Amino acid sequence: MTSAAPHSELPTRPARHRAYADVPDAQWSDWRWQMRSRVTRLQPLAALIDLTEDERRGIEGRRDAFGFAITPYYLSLIGPPGCPVRRQAIPHVDELRTTPWDLVDPLAEDEHAVTPILTHRYPDRALLYVTHNCPVYCRHCTRQRKVGDVDSAPARDMFEASYDYLARTPAVRDVLISGGDPLSLSDARLAEICGRLRAIPSIEVVRLCTRNPVTLPQRITPALVDALRPFHPVFVHTHFNHPAECTPEAGEALVRLADAGFNVGNQMVLLRGINDDAATVETLNRWLVRHRCRPYYMLQCDPVGGTAHLRTPVAAGVDILDAMRGRVSGLAIPQLVVDLPGGGGKVTLTPQRLVRREGAKRVYRDVQGREYTYVDEPL
Ligand SMILES: *Cc1c(COP(=O)(O)O)cnc(C)c1O
Ligand code: SF4
């Protein structure tokens, strides 16, 4: 049995790359400054980080298809090659490798689009894409076909068409505001979108899907939570993948959201060599729970082109759940989800516990592999 993961694996003080040492605190904490100061080109990045040849070739090879962007904050978390933050943010030559199973739109989101920015796959939920901008372009992004492409930014008439569709489709009770990262929009614009959705009586819940608490926690300001609080219930889905992202600033952002009544959940993506082991997931999830963010999904990486080197075997996720159950608080255990390529939607996977059936008897194995019988014979 592995021992409890120590807290010392977590970053303990606000990190800053030495190049930013003289930036005044007020500027460093200003999300607009962080957005303006993002590193998006090879030369400036090479001046800050000692890039490997594989990274340089990845940056050049992916420049047109899926460029990169990194906030000074997230860049400051980057360590030597192999660092989990680095591998999520800096292109690598392995992104040029493809498999025959790679897809451009693995979840067939465009096929299930009812307006250019609204995907309606499940009866009661719909997904609205409000921007293609993100503070950091995650190398494993499923929507890399869309994000970063400023020319394809959603237009006003697409929003109107989407509100119209939702108003005449009362089966939709739950709308996910996604992108890109919705928090790239201004507070006023976000409040307007939430207001338009909440004005549709059949919509019960709004969800905001954002990686800003991870890549730009400065964005979670008192003004932002005040602007969106009137539209509760608003659920926030964020996307922490590794304890190296669990900084004091990130923790503050989560607690600020929770204090303002947002119900915060985390959707991590399993990434090979980054977070595909139980100890890493446990450390991450215990930190999230301490900051009142509930691990919601642990997602199998979608087969989008350029991510083959980051994908894990499906069994890896099942093994992680198997190792956690019984040993770790259930609050820290997410559901393992595979989003079926081609638009089949999400399915959950769980460790196989049933060993055999003997008449009404069901023999299950516990977490240590011992067998126990449940007699499945109610009166
Ligand atoms: C994931 C997803 C949802 C939300 O699914 P939940 O399982 O309810 O979190 C809704 N619509 C689409 C298109 C999705 O991909
Ligand atoms: S924040 Fe989300 S949408 Fe943006 S690049 Fe990362 S995974 Fe993709």
Side-chain angles (χ1 to χ4, degrees), residues 35 38 40 62 65-71 74 85 87-91 95 105-115 117-149 162 166 169 171-185 203-217 219 235-241 245 263 265-269 271 294-302 304 306-307 310 334-348:
M35 280 299 267
R38 289 183 306 167
T40 59
R62 291 281 272 166
F66 184 39
F68 75 92
I70 314 177
T71 54
Y74 201 64
V85 174
R87 292 191 61 211
Q88 291 182 73
I90 300 181
E95 290 182 29
D105 177 12
L107 311 181
E109 291 174 326
D110 295 339
E111 206 176 296
H112 287 154
V114 289
T115 78
I117 60 167
L118 190 69
T119 295
H120 186 191
R121 166 168 308 136
Y122 305 100
D124 66 336
R125 283 151 286 173
L127 191 72
L128 182 69
Y129 310 93
V130 299
T131 171
H132 295 164
N133 278 329
C134 306
V136 171
Y137 294 115
C138 314
R139 304 322 299 168
H140 55 277
C141 181
T142 297
R143 300 215 182 101
Q144 44 185 269
R145 70 185 184 283
K146 291 188 181 202
V147 300
D149 179 1
S162 304
L166 292 168
T169 314
V172 176
R173 292 189 288 257
D174 173 0
V175 177
L176 291 86
I177 302 176
S178 186
D181 200 311
L183 295 197
S184 303
L185 303 180
I203 296 177
E204 298 171 1
V205 170
V206 167
R207 303 195 229 178
L208 202 55
C209 307
T210 174
R211 213 179 179 206
N212 269 257
V214 185
T215 55
L216 181 58
R219 177 71 186 92
F235 282 62
V236 172
H237 284 325
T238 189
H239 177 175
F240 285 84
N241 281 333
E245 299 167 333
N263 192 306
N266 189 59
Q267 308 199 0
M268 66 167 276
V269 175
L271 298 169
R294 174 78 159 89
Y296 177 53
Y297 283 160
M298 177 162 72
L299 292 150
Q300 176 71 15
C301 186
D302 294 321
V304 63
T307 65
L310 293 172
Q335 283 182 275
L336 172 62
V337 168
V338 180
D339 215 331
L340 297 177
K346 295 179 178 73
V347 292
T348 51

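When a ligand or atom number is given, it counts from 1 through the structure's own listing order. Counting from 1, the numbers follow the sequence of the chain as shown. What you see is a predicted model, and the numbers here were worked out from it, not measured in a lab.
A cation-pi arrangement is present between Arg139 and Phe66 under the rule of less than 6.0 angstrom and at most 45 degrees off the ring axis.
Judged by distance alone, the side chains of Thr215 and Thr71 never bring a donor and an acceptor atom under 3.5 Å apart. Side chain to side chain, Glu245 and Tyr74 meet the donor-acceptor criterion of an N or O pair below 3.5 Å.
Shown in contact with Tyr296 at under 4.0 Å from a heavy atom are these atoms of ligand 1, numbered in order with element: 6 (P), 7 (O), 8 (O), 9 (O). When each atom of ligand 1 is checked for a heavy atom of Arg207 under 4.0 Å away, the hits are 4 (C), 6 (P), 8 (O), 9 (O). Listed by atom number, the atoms of ligand 2 under 4.0 Å from Cys134 heavy atoms are 1 (S), 3 (S), 4 (Fe), 5 (S). Atoms of ligand 2 lying under 4.0 Å from at least one heavy atom of Arg211, given by number and element, are 1 (S). Heavy-atom contacts of Tyr122 reach the following atoms of ligand 1: 2 (C), 3 (C), 10 (C), 11 (N), 12 (C), 14 (C) (cutoff under 4.0 Å).
Using 4.0 Å as the threshold, Thr215 has no heavy atom nearer than that to any atom of ligand 2. Close to ligand 1: Leu176, with a non-hydrogen atom less than 4.0 angstrom away.
Put simply, atom 2 (Fe) of ligand 2 has no protein non-hydrogen atoms near it, under 4.0 Å away.
In summary, His140 places no N/O/S atom under 2.8 Å from atom 8 (Fe) of ligand 2, failing the contact criterion.
With Thr238 contributing its side chain and Thr210 its backbone, the two residues share a donor-acceptor pair below 3.5 Å.
At the top of the distance list for atom 8 (Fe) of ligand 2, counting protein heavy atoms only, stands Cys141 SG, 2.3 Å. The protein heavy-atom contact nearest to atom 6 (Fe) of ligand 2 is Cys138 SG, 2.3 Å. When hydrogens are left out, the protein atom nearest atom 2 (C) of ligand 1 is Lys346 NZ, 2.4 Å; that is the closest non-hydrogen contact.
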